Amino acid sequence: MGESPPKNGTGLTFRLADDRKLKAIYSPAGEKTPVNLGFLRHALAAGGFADMFIYDHALVELIKRYNAASQEFVYDIGEQRDGTFIIRNTPDNIEAYLTLTLPYGGKPVRAEQLHQAVRERGIVYGVLTHEIEAAVASGEVSDRLIACGIPHEPGTDAELVSFIPQMRDRQPQLMDNDIVDYRNMGEIVSVRAGDPLMRRIPPVPGKPGINLMGKEIAPPPVKDIQFAPNLSGTVFAPDDPDLLIAAIDGQPVLVANGATVEPVIKVKTVDLSTGNLSFKGSIDIAGDVVTGMTVRASGDIFIGGVIEGSTVEAEGSIAVQGGIIGQGEARDGHGEPGHEIALVRAKGAVEALFVENAHVEAGDRIEIHGFAMQSELVAGNRIVIGQEGSSKGHIIGGSCQAVNRVQAVTLGSHAGVRTLVSVGLDPHVKEKLSTVNLKIHEKERELEELTKKLDYLTTSIHKATPEQVEQTRLAKEKLATAISELTGEKKRLQKRVELSADAQIRVERAALSGVVIAIGTKTLEIKDDVEGGVTFRLEEDAIVASP
C-alpha cells in the first residue's frame, strides 16, 4: 500500500492499510513543525489520498493529537470506499428508481452491476437502458427513473346526469335600484311533455397495465347504475333508452336513480277556505299558510308569503319568500315540539327570509337570508344564515344542527342567550337505520317461510305442479335480492353515523357568550365574546378556532 513521506520535519506520514483504512502515523523527528488543515490536505493530495473518504472532524482531531504527542501514534482518519447504489421499486411495481454514489478512492459502480441487480429484482419489463448508462457516466444520481411499466387506466362509473334546474339555483332578484327583493325568487321549475329530464351515461371499463415483472395489472371494476323502475310522469326517448323524458307537463322532482314529473296544484292562500292540503305532487301557494293549517306534498312546496304557526312538510324542497313564524317556544316542558310553533320539514332543502319560534328540518340544507331566533334547525348537509357580505345573518337562541357545516354572520346575542350550534353527526340516520333493520328482519322471516314452502313442494309425496315450484322459487329469489339491497343500504347508513372529517362552523363576525359549539361528541362553551371571522373545527379530538 502507498505511504506518504514526512513533510517539513513534522514526522507525519499517511498510509492506506490492507483493511482499506487510511492511517496517519506520527514518528517524532526532532522539533515539531506546526500543522493546520491546509497543510494536512496538501499532504494528503501529495500522497495520492485526496479522493479518500475522510471521517468527520478526523483532521481536527489529528492536529490535536499531533500537538499533544510526545511519542509515536497511529490514528485512522478515513478509508477507501467503492461506489454504491440502491434500486427502489414503487409499491405498485410500476416504476424503479436508482440512487448512485461516487467512490472514495475505490471502484465506481459499473453498468453490468446495475443490470445484474435489476435482473435479480425480477424486473423484466420497461428497463430504461439509456438511463442506466447515463447514470453510470455521471457517477452520482438520486432517484433517477431506470424502469417504467404501464399503469392501468381506470374506467368510469355509470352516471345519471340531470337536466333539471334545481331549486337551489333560484336566487333573490336584484332590482334596478340595487335593492334585493326577497319576495321575488324566480319561477318554480316546470317541464313540458317531451322535455329531457335525465341521461344515463353507461360505464366505461378501464384498460389493464403491465408492471415491471411483466405481469398484467387489472383496472378496478367500474360500477353500473340503472334508472329506478316506475318513475311516474316519465318515459324513455323512443330512439334512446338511456334518455329519460317527461311524459306530462308538470313539476320535475329528483328521486333516487331518476326523476318523476308531478302535476302542480296552485292556490292563493292556505286557510279555512281551502282546508288542509295533502297532495301527491308539488304545491304553489301565492300567499300565506295561516296559523293552525297543515300542508303536505310529495314534491316541492313554494310559498309566496309566510308560514304562521302551521305545519308544512314536503318530500322535495320548501321555498318561502317570507318568513317562518311561530308563537310559542320550540319545545315544551316535556321536550316535544310546542303546539304554537311553526313546523317545517323537507327531504330536500328549506329556504326562507327569516325563522322565529319554529322547528325546521331539511334532508339537504337550510338557507335563511335574514335571521334565526329561538328556533330549532336540523339539516342533513349544511345550514347557512345570511348571505356573504351582508350584515344580516344572526342565530339567536335555540339550536342549529347540521352534518357538514353551519355558517352565520353572528352566533348568540349580547344578552348571553343560550344558543347551541352543532355539526358532525347525521341527525336523521338513526331513525333511517332503525327502519332498515326492521325491514331486513321482516324480509328474512318471509324468506325463511318461502324456503320451507319450496322444500315442501319439491319433496312432498303430493306432486306439485312445475308452475307452483317456479313461482315459489322466483318469489324466494326476489326476497333474497331485496334483503341484499337493504343490507347494502344498512352499511351505507352505518357509515354516515361516523363523524364528518370536514365538519365545521363558520362565523363571519362574532360568536358571543352563551353560545355552545358542538362538533361530533365534543363541546365548547363560549364564555368570552369571540370577535372577527372564525371557523370552529375538530383537530386532534378537540375543538379549535381559527381565522
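This one's a predicted model, so the numbers in the text were calculated from it and none came from an experiment.
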Next item on the list: Looking only at non-hydrogen atoms, find the nearest pair between Val409 and Val507 and report the distance.
Entry: O-CG1, 3.5 Å

Notebook entry, point to check: Applying salt bridge (charged side-chain N to carboxylate O under 4.0 Å, His left out), which residue pairs with at least one partner in residues 122-135 are found, sequence neighbours left out?
Noted result: Glu131-Arg144

Note to self: Show every salt bridge (charged side-chain N to carboxylate O under 4.0 Å, His left out) that has at least one partner inside residues 520-531, sequence neighbours left out.
What the structure shows: Lys522-Asp541

Note to self: Per the side chain to side chain donor-acceptor pair (under 3.5 Å) rule, what does the pair list look like for residues 212-227, sequence neighbours excluded?
What the structure shows: Arg200-Asp224, Asp224-Gln226

Checklist line | Thr487 side chain vs Ile483 backbone, donor-acceptor pair below 3.5 Å | finding: yes

Are [X] and [Y] packed together at the side-chain level, in the sense that at least one heavy-atom pair is separated by less than 4.5 angstrom?
| X | Y | answer |
| --- | --- | --- |
| Val109 | Leu114 | yes |
| Arg365 | Glu351 | yes |
| Lys490 | Ile440 | yes |

Checklist line | With Phe53 via ring-ring contact (aromatic ring centres under 6.0 Å, His included) - residues at least two apart | finding: Tyr104

With a 6.0 Å cut-off (strictly less than), is the heavy-atom count around [atom1] of [X], excluding the residue itself, greater than 12?
| X | atom1 | answer |
| --- | --- | --- |
| Asn230 | CG | no |
| Ile86 | CD1 | no |
| Gln71 | CD | no |

Next item on the list: Return the set of residues passing salt bridge (charged side-chain N to carboxylate O under 4.0 Å, His left out) with Glu539 (not counting sequence neighbours), or none when no residue passes.
Entry: none

Notebook entry, point to check: For Lys23, which residues count as a salt bridge (charged side-chain N to carboxylate O under 4.0 Å, His left out) partner, sequence neighbours excluded?
Noted result: Asp76

Next item on the list: Working to the nearest 0.5 Å, report the span between OH of Tyr125 and CG of Asn93.
Entry: 14.5 Å

Checklist line | Ring center gap for Phe236 and Phe227 short of 6.0 angstrom | finding: yes

